[in-house]
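First comes the structure, then the notes that go with it.
We name chains A, B, ... by the order of the sequence lines, and we start the count at 1 in each one. The figures that follow rest on heavy atoms only: side chains count, while hydrogens, waters and symmetry mates do not.
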4 protein chains.
Amino acid sequence: MASQAPISAELIAEHNDAHRSASDSDYSALGEQLARRGLDIEKLTTAARNFSVAIPSWGVGTGGTRFARFPGVGEPRNIFEKLADCAVIQQLGRATPTVSLHIPWDKVDDLGELRDVATGYGLGFDAMNSNTFQDQDDQNQSYKFGSLSHSEAAVREQAVAHNLECIEIGQKLSSKALTVWVGDGTNFPGQQSFTRSFERYLDAMKAVYAGVPDDWKLFIEHKIFEPAFYSTVIQDWGSNYLAATELGPKASCLVDLGHHAPNVNIEMIVARLFQFGKLGGFHFNDSKYGDDDLDSGSINPYQLFLVFNELVEAERRAPEKFDPAYMLDQSHNVTDPIESLISSAVEVQRAYVQALLVDRAALEGYQDENDVMMANRTLKTAYNTDVSPILAMARQRAGGAIDPVIAYRKAGYRNAVGKQRPASRSSGGGIV
Amino acid sequence: MASQAPISAELIAEHNDAHRSASDSDYSALGEQLARRGLDIEKLTTAARNFSVAIPSWGVGTGGTRFARFPGVGEPRNIFEKLADCAVIQQLGRATPTVSLHIPWDKVDDLGELRDVATGYGLGFDAMNSNTFQDQDDQNQSYKFGSLSHSEAAVREQAVAHNLECIEIGQKLSSKALTVWVGDGTNFPGQQSFTRSFERYLDAMKAVYAGVPDDWKLFIEHKIFEPAFYSTVIQDWGSNYLAATELGPKASCLVDLGHHAPNVNIEMIVARLFQFGKLGGFHFNDSKYGDDDLDSGSINPYQLFLVFNELVEAERRAPEKFDPAYMLDQSHNVTDPIESLISSAVEVQRAYVQALLVDRAALEGYQDENDVMMANRTLKTAYNTDVSPILAMARQRAGGAIDPVIAYRKAGYRNAVGKQRPASRSSGGGIV
Amino acid sequence: MASQAPISAELIAEHNDAHRSASDSDYSALGEQLARRGLDIEKLTTAARNFSVAIPSWGVGTGGTRFARFPGVGEPRNIFEKLADCAVIQQLGRATPTVSLHIPWDKVDDLGELRDVATGYGLGFDAMNSNTFQDQDDQNQSYKFGSLSHSEAAVREQAVAHNLECIEIGQKLSSKALTVWVGDGTNFPGQQSFTRSFERYLDAMKAVYAGVPDDWKLFIEHKIFEPAFYSTVIQDWGSNYLAATELGPKASCLVDLGHHAPNVNIEMIVARLFQFGKLGGFHFNDSKYGDDDLDSGSINPYQLFLVFNELVEAERRAPEKFDPAYMLDQSHNVTDPIESLISSAVEVQRAYVQALLVDRAALEGYQDENDVMMANRTLKTAYNTDVSPILAMARQRAGGAIDPVIAYRKAGYRNAVGKQRPASRSSGGGIV
Amino acid sequence: MASQAPISAELIAEHNDAHRSASDSDYSALGEQLARRGLDIEKLTTAARNFSVAIPSWGVGTGGTRFARFPGVGEPRNIFEKLADCAVIQQLGRATPTVSLHIPWDKVDDLGELRDVATGYGLGFDAMNSNTFQDQDDQNQSYKFGSLSHSEAAVREQAVAHNLECIEIGQKLSSKALTVWVGDGTNFPGQQSFTRSFERYLDAMKAVYAGVPDDWKLFIEHKIFEPAFYSTVIQDWGSNYLAATELGPKASCLVDLGHHAPNVNIEMIVARLFQFGKLGGFHFNDSKYGDDDLDSGSINPYQLFLVFNELVEAERRAPEKFDPAYMLDQSHNVTDPIESLISSAVEVQRAYVQALLVDRAALEGYQDENDVMMANRTLKTAYNTDVSPILAMARQRAGGAIDPVIAYRKAGYRNAVGKQRPASRSSGGGIV
């Protein structure tokens, strides 16, 4: 199976030609303004260009809820079609060079072929994701009452074996990390012992950890609720930190922005985890109510900026320890997933570049003097700056499109694959 | 298709014989205590016996989440099997004499047969539930972007027609109410105009309302989020009240305990809706985080009591206006749905009987004097009373089981239907 | 008592001279970009200049919590000193020409003098605020257990009389509105009857309403909790709407951004209230947890934009009905209140101008077609635009400062009044 | 200063005589029922009698909010009067033999006298509480911008010295613990560096820790918000655990039930902290919205039961490590504080005794089998049991009153002290 750039270079070039004049003008004006503020736009553009965030393979399909799933046109039916969609996202946006696989959804017989196809698209593989929150047809034990924390050893062993298999697959694909998120938890007080469940979870995770190669990372993801509705085994960063600490240095904590209790200060959790050496990475998305998995920056873009403010600060503070993994983790129920992923990567990149604008020496001085107004204003000035011209320039220079969503629409990709990929019959749902 | 009591009368009798002595002893002791408090246990037992709450037909199946559904043994495959399960619940618990249907899930060719089967079980039909939150195979228009509030007239018309069909079916089954819950809403700021969407919703609902028979009720259900994650068209009781008021006297508001923002005082909403003539009824369940659809009273039983405290007070205040509809609306993901529905009906009944214990004359006096401590204590004294003996006696006298879950297990019903009803192959999920 | 501009015109002029070149350059570049987007920067600058938001008199003092209040330097000791501080805010920021008084805190013997002093500063009076959430020394009845909803008639009558007095004072000051916020509510289930309390509240409010002049407005403010912690008599917009509707056309609902349950979609409430003719106005602030009364736009600036998106849309839809009142309502615990109020007014103005950038014809088209991505992007494009140059130009043209906080610091006002106004001895708090 | 029992033994005896017959009858009936369930009521009564929870000295005064404080009759004006009130609570309720002091509020010249007075009342001293969230008149440095985490060393040193002084005082009073809660945090993004603040906090706490005697404990209290509204330095149990771990074995975490984000599963946090050796103790209260400090068990009594379910389980699991400190921490704004504290101690005791009823062997079996229904029912059966007769008997046997609130009212204590203690003039508040 050959892979080649799904969008023609000509189309991108034409698009950029049409938008270049306005884009250059905005870039030039912004450059002048930033220079007055002591900032070099070229350095920022380079930083933007070097920024990347992984695409989850499942993100290019249409999502849904327990009530319904409304399929989109031309949904990818397998990992090869998913890779093609990811290639489109990367070709136009140039911020998403890697794909994060989910096993068994993306399992194939020939891993070499999978690797070659990805390479052909210029794509690499990010963290592997295991799945012990669903039952597969060929599975002996059910995860209905838990997986790594299940009361029965046989279930835990099956879950451990599955995670080890994910590592094995990942090694063949040059992945360097395993992300473990479990649905384990309870729906009723008394259903399980919090303590015994966590002990079993830790025991099982130690078996997984033992299989993590030395140059790999093990990311643990916490989530306050769903699919379990009374308790979850890794409910917050506190339990996540305990688990990662019990396991050892290869284990660290993954922060999904939608997995916290209402009102929680997430940027502070980011700072704490980094301070204590356990910030593994992020699943980016946005939410208003629960784990809504909405597009990054679509509900509370300032929060996303504040998260990156901590990240830029963390890198400045201890560059040698700074290596978080970034992934988008969104559910696209009412948009074309390709469009959402393209523009979400832009929003994450935007927050990063805005955070780079913060005058950190000044900020630190204001903090030391308790000049609260100016400290806050230092952040707001950075945030209020419209860095769109920088992002457009970074894309353009990397071979992408000035306005990637518009270029995507122009390319007619969705309609084209719509003809090649028959609509899935099942619309799911009814799981009320 | 003949219908007869699924559980043998002998089994129930044996069960009760075995438990009667202890039960009678507890009942007698409680009666003495209540007499000292000026309460007649016999009146309370009669009230408990007269209490009922409807079972939703879909509640007897195993629920799930967008992540997965783990099927149970012997799940009912159609409305006739669902009715059999409902008959078990009613036979043992004696608090659930009606079933609430969902169209098209429960649609059958021969409504007369359906009615006869239900009658054979001693079951009646509660409110009809329409479904415009999913697409059906035979449907021309998609509800992906809304139904009654959709921007296109054709979609709205289809949704109106479906609701009218539900009424038509319900009339043949002697139902007397239609419950309208829509999944309409948005996932992104800007996706829809809040105002225009609500205008379209109201227009479409007026067409539905026009088809509501004079002796029927139209219940509108609000929900803050899910499946829409940025806004919903009937997001809270405020919008619900506006809609019900715009429509007219047959329309009123339905309160699902899990459909509110965190921390909201639901019992107060109950009081307000009744005061302003728009309290239609309830979907009972419990929740800790979102619309968790957990078993009634399993997370916050005192809140359930406080709701019934308002209901008992409302009936006392204006008995002629008091006629709310009660239904359980739960998702049973990790329990046998029959067991959960039996015991949830008991919990709702428990809250009702506890609320009957409140010394309302004393309470009113304490409120007038701002004797806060004694006012609160008046509620707590009622709530702390263990009314289990009253509930057991009411069941026993009505022909049910003293301990209906234990009797159900003894009857071996689940295993029996497990043999007759092959497991559903699809475990759903993967709609992440 | 004479009043004159507290900040010298020369200082402002010097400040502007120093910042003009950069400011003009940014304004020019933005003008070019907006012209390409079909927008006239001059119209936007005029709109910004015409925008205003009232200052609450109590906002210029340092706030606190039940735990402590840490006084600032040179806090105003009476309404005349408060007016001087408000004059500074208006002189530099030019977006806050009116002051909202609080009775009895701002009560004076000579209202004519008060009016003259305000006029001398170029300030007018916005809505009057009554206070029935505290007991005053000269008061016969206590509000410990409520005011307008109290169980005793004498307390309600005192509260009504106080509100009527506020109107009387306001009439002499050319105010045109009364804002009624009460602390009434309960801390315990059972403490009061929700229904009887609301009946009493409505009765008392009818007496207040009867005293509202025909050319006045009566604003009702809802709040979910604090100072009452189990229930409040006007807990949300639903109860607020009911009250305003019961009272009549002069009554409408006031939305304080910090007075809602977690996660609630406030912009939707704004749309609903306007649609049903009951949007009275706003108390602007920001919050992360409760009624935090933080600076507007300091926590979730996108939400503030979305609120103004609804307001701009409302005005477009029905300009004849559009007349909301805007006030800042913040508690400045760790900043100089003058600085916070200056910059908060800028943030509110910023959200307004950003909302003016939304291409509403395009938005409506995308909404009709359910082009969710482009609809959302239409909002985000407007929001991402840095409109700071427009705000600076509007201020400059109106006689204010390009960077009003910097100009304020340069003027040395705080230190100057610090010498004239001895520090308050009491630091409050200890009310744990 | 002599101290003697404030309530006459005759009054208590008369009260008990009047209530004994009914109480004995209920006790006997409950005993029979429990015997059928395999439980020995006498053992439970003994356990109830051995249970105790400390009273905070400040709890006997009337609380308030930033809006107002409405003084009560006969409020204690100093620690000696507070001790008298605490003596009343203990005399009647017999569950609160210790008092927790707050420095400097309870500072006296003669600690020996204080100790003697307490001993005279039969009262001991629980944990000492330091105060670095307010400025005192004699203080050199202000805590406006923090205390133990302040950016300036002089402030931190002052805060450390104050904590060391609290220990010193406590040693003279035979206290064995210091509770450190700080108001440190921020109101604005950027105000402080999360990381540097926490580093400074840990440094300062190490200096405090060095002064903690070997037989003392150091309790750290976390709180998500208030008085700081954007971030707090110890915002949750995660940061609390990190701090307690950094400090050493004498340090552990204190859980205040009202200090968490909405929806958070607190009982699970209790389990985690115990499992990892850092559960220090509790501040009991209840809340619906924020840190409402309402009476224990008044809003969500089932949650209180679930917390004690974890505690009873923890003691069973590792009795040698089980030694949590219990204190009531409530703000009594609308009730007589003595009545609230008496009845709150009863509610905490009630939850404890209910938790003792749980059949733990059966529960563990159901958990192992994933019999969710029966596991949950095992808890609910215990919770539904009305253990009031056990609590009354335990009180009676210990010399207290069967119905302590009624006995208190009969004694006329409040009116008596009302005559001796002039009303405080200041009603506080106005700190909006």
Side-chain angles (χ1 to χ4, degrees), chain C residues 56 58-59 61-72 102 105 131 133-137 142-145 183 186-189 191 224-231 261-263 286-295 298-299 329 331-335 425-432, chain D residues 56 58-59 61-72 102 105 131 133-137 142-145 183 186-189 191 224-231 261-263 286-295 298-299 329 331-335 425-432:
Chain C
W58 61 95
T62 298
T65 70
R66 63 173 167 135
F67 294 96
R69 193 184 83 88
F70 297 96
H102 190 112
W105 299 342
N131 179 337
F133 53 86
Q134 296 180 317
D135 285 352
Q136 309 300 330
D137 286 342
S142 169
Y143 296 132
K144 182 167 190 166
F145 300 107
T186 70
N187 276 7
F188 286 85
Q191 179 178 344
I224 182 173
F225 80 101
E226 198 207 25
F229 293 117
Y230 168 65
S231 73
N263 302 348
D286 213 334
S287 61
K288 187 157 180 65
Y289 306 99
D291 184 32
D292 308 335
D293 279 340
L294 301 181
D295 284 18
S298 67
I299 300 296
D329 189 7
S331 184
H332 310 104
N333 301 356
V334 292
T335 55
R425 273 152 304 177
S426 148
S427 62
I431 315 172
V432 190
Chain D
W58 60 96
T62 298
T65 70
R66 64 175 167 135
F67 294 96
R69 192 183 83 90
F70 298 97
H102 189 113
W105 298 342
N131 179 338
F133 53 85
Q134 294 180 318
D135 286 352
Q136 309 300 330
D137 286 342
S142 170
Y143 297 132
K144 182 167 190 165
F145 300 107
T186 70
N187 276 6
F188 286 84
Q191 178 178 343
I224 182 173
F225 80 101
E226 195 205 26
F229 293 117
Y230 167 64
S231 72
N263 302 347
D286 212 335
S287 61
K288 188 160 178 63
Y289 306 100
D291 183 32
D292 308 337
D293 278 339
L294 300 181
D295 283 18
S298 67
I299 300 297
D329 188 8
S331 183
H332 311 106
N333 301 355
V334 293
T335 54
R425 275 151 304 179
S426 149
S427 61
I431 315 172
V432 190

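Residue C/P262 touches chain D through its side chain alone, counting heavy-atom pairs closer than 4.5 Å. Neither the backbone nor the side chain of D/T186 comes within less than 4.5 Å of any heavy atom in chain C. In this structure, chain C has a heavy atom under 4.5 Å from the side chain of D/Q191, while its backbone stays farther away. Heavy-atom distances place no part of C/D286 under 4.5 Å from chain D, backbone and side chain included. Proximity to chain C (any heavy atom under 4.5 Å) is shown, for D/S298, by both the backbone and the side chain.
Between D/Y289 and C/F225, the ring planes are parallel. Angles under 30° get that label, and only those over 60° would be called perpendicular.
Residue C/Y230 holds its OH atom at 11.0 Å from CG of D/L294, rounded to the nearest 0.5 Å. From D/F229, atom CZ reaches atom CD1 of C/I299 across 11.0 Å, with rounding to the nearest 0.5 Å. The CG atom of D/N187 sits 8.0 Å away from atom CG of C/D292, with the distance rounded to the nearest 0.5 Å. In this structure, D/F67 CZ and C/D291 CG are separated by 5.5 Å, a value rounded to the nearest 0.5 Å.
Using a 4.5 Å heavy-atom threshold, the side chains of C/R66 and D/D293 count as touching.
Minimum heavy-atom separation, D/K144 to C/N333: CE-O, 3.2 Å.
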